[in-house]
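Let me begin by presenting the structure, written as structure tokens, before commenting on it.
FYI, side chains are in, hydrogens and waters are out, and symmetry mates aren't considered; it's all heavy atoms of this structure. Residue numbering restarts at 1 for every chain, and letters A, B, ... go by the order of the sequence lines.
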Protein chains: 2
Amino acid sequence: MREKNKPSKYSHQRDSEATKKRILEAAKQEFASHGLSGARVDVIAEKAEANKRMIYHYFGNKEELFTVVLEDAYIDIRSEEKELHLEKLDPETALKTLVEFTWNYYLKNPTFLRIINSENLHQARHLKESSVIDDLRGPFVGMIDDILKRGEKENVFRKNVDTIQLIITIASVGYYYFTNRYTGSILFSKDFMSQEALDERLAFNIETILRLVKK
Amino acid sequence: MREKNKPSKYSHQRDSEATKKRILEAAKQEFASHGLSGARVDVIAEKAEANKRMIYHYFGNKEELFTVVLEDAYIDIRSEEKELHLEKLDPETALKTLVEFTWNYYLKNPTFLRIINSENLHQARHLKESSVIDDLRGPFVGMIDDILKRGEKENVFRKNVDTIQLIITIASVGYYYFTNRYTGSILFSKDFMSQEALDERLAFNIETILRLVKK
DNA sequence: AAGCAATATAACTATATAGTTACATATTAC
DNA sequence: GTAATATGTAACTATATAGTTATATTGCTT
């Protein structure tokens with residue numbers, strides 16, 4: 001029986017959507033910091049200022065929570081990519097814009113890279129079961145294909161550059177730099193994250209991609 | 001007290017070096033498969049046909065075991081790189097050889113990539129404390145620098161290509177392909193590991209690197 | 001305002017896990 | 001041969017962990 005004058009345990013208003021959001025954000029951070037295995041459900045609950053019971057209530061279990069975090073990550077980058085409207089830019093500018101966007105997205109969203117890495121460590125078993133990817137299958141493939149075709153027609157790009165290989169390469173040159181920056185900084189005795197180093201790398205990446213496609 | 005006629009529990013001969021090696025190999029596999037946090041010491045002991053007690057005896061603890069596995073990984077790739085003798089090849093062949101070697105090393109040593117990824121998830125905290133890297137600091141930097149200089153002199157390479165950026169790029173285009181092959185295969189609906197896909201990617205990478213440095 | 005579903009808390013449980021201890025057997029030095 | 005040391009096994013322990021249960025409060029429906 002409730003005691004008289006005892007203050008309520010529930011100090012804040014209820015808001016299931018807000019609670020879900022806080023859990024997802026906390027989970028994203030925790031999974032990114034420690035990987036799927038290293039992440040602790042208790043810590044996620046604490047960071048989210050929620051309760052472990054709520055995590056299981058809203059998301060089922062740790063694996064399903066990870067799946068939602070992963071899906072959200074892909075949805076987010078995909079929606080930002082859409083906003084670039086590369087189809088409105090001339091081929092060379094479009095390609096340069098994509099390289100810069102990819103680079104800056106990785107720079108501003110370190111959790112993205114770490115979560116994708118975790119998923120690959122686990123052989124993409126969560127993504128495999130996800131239906132969300134259907135909408136992002138071949139993200140941008142059509143768009144990049146169009147840029148390459150326009151470049152060919154305008155005689156600024158060479159013929160027969162493989163679209164998927166190009167997309168992979170654009171991702172590679174940024175992704176690797178960021179995910180391997182810790183070992184890289186030691187192996188090369190160089191701070192990979194200084195503004196100077198970042199600027200230099202982005203410029204080099206743009207050059208790499210343009211040299212690859214230009215006549 | 002030992003019972004009469006009871007067969008010895010120790011069926012095989014003792015060999016500390018062999019046991020250490022078995023532990024290291026098992027640890028490499030286990031860390032590569034599950035990451036540092038996901039790896040289980042009991043599983044390593046079992047796989048090594050050794051005993052947990054031996055792991056702690058020879059390596060101290062899980063973290064130190066990981067450190068040795070990591071150090072061994074770097075030592076191995078470094079020693080294979082040395083065998084290439086790129087200094088004896090003409091600049092273009094040397095560069096092509098390095099791209100091929102890097103690609104094939106990653107292909108044949110999937111554990112390497114996963115262990116480096118784990119170490120980067122943990123912000124290289126093991127490598128930071130390791131003295132082994134002193135010998136591999138700037139691996140090949142001098143060598144690649146030499147290739148670029150020779151190429152310049154022979155008028156086949158352009159001037160002022162940054163050596164470290166080039167090394168990072170050579171690693172990137174292979175590393176990313178392999179570590180992200182699980183999510184990549186889903187996103188692009190394409191088997192990244194078919195012989196055809198592998199051949200195509202290697203050829204593309206060679207083209208990417210040569211276009212980057214050639215006049 | 002009564003009943004009910006949704007939201008929340010905290011305490012609990014079964015199990016897994018890194019690391020330890022006690023002890024046994026083999027090998028080496030003398 | 002014997003003592004000391006290296007190598008090995010198995011059982012144990014303290015703790016951490018994912019997931020559950022019991023219960024309380026809120027807010028919505030009627």
To the nearest angstrom, how far is [X] atom [atom1] from [N] atom [atom2]?
X: B/His57; N: D/dA10; atom1: NE2; atom2: C1'; answer: 17 Å
X: B/Ile23; N: C/dA18; atom1: CD1; atom2: P; answer: 15 Å
X: A/Ile55; N: C/dT7; atom1: CD1; atom2: C1'; answer: 14 Å
X: B/Phe66; N: C/dG19; atom1: CZ; atom2: P; answer: 14 Å
X: B/Arg53; N: C/dA26; atom1: CZ; atom2: C1'; answer: 15 Å
X: B/Glu17; N: C/dT27; atom1: CD; atom2: P; answer: 15 Å

Charged N-O contact under 4.0 Å between [X] and [Y]:
X: A/Glu80; Y: A/Lys108; result: no
X: A/Glu17; Y: A/Lys20; result: yes
X: A/Arg125; Y: A/Glu63; result: yes

- [ ] Would you confirm whether the ring centroid of B/Tyr176 sits within less than 6.0 angstrom of the ring centroid of A/Tyr176?
- [x]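 When the ring centroids of A/Tyr176 and B/Tyr176 are compared, they turn out to be at least 6.0 Å apart.
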
Using atom names, set out every protein N or O paired with an N or O of nucleotides 11-17 of chain D below 3.5 Å, distance rounded to 0.1 Å.
from   : atom 1 : to      : atom 2 : distance (Å)
D/dT17 : OP1    : A/Arg40 : NE     : 2.6

- [ ] Measure from the side-chain heavy atoms of A/Asn61 and tell me the nearest of D/dG19, C/dT21, C/dT7.
- [x] D/dG19

- [ ] Return the nearest nucleotide to the side chain of B/Tyr56; candidates are C/dT20, C/dT9, D/dG19.
- [x] C/dT20

At under 4.0 Å, does any side-chain N or O of [X] touch on OP1 or OP2 of [N]?
X: A/Tyr58; N: C/dA6; answer: no
X: B/Thr19; N: D/dG8; answer: yes
X: B/Ser16; N: D/dT7; answer: yes

- [ ] For the pair B/Tyr106 and B/Phe112, name the ring-plane relationship: parallel under 30°, tilted 30 to 60°, perpendicular over 60°.
- [x] parallel

- [ ] Indicate the ring-plane relationship of A/Phe192 and A/Phe188, choosing parallel, tilted or perpendicular according to the 30° and 60° boundaries.
- [x]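 It falls in the parallel class, under 30°.
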
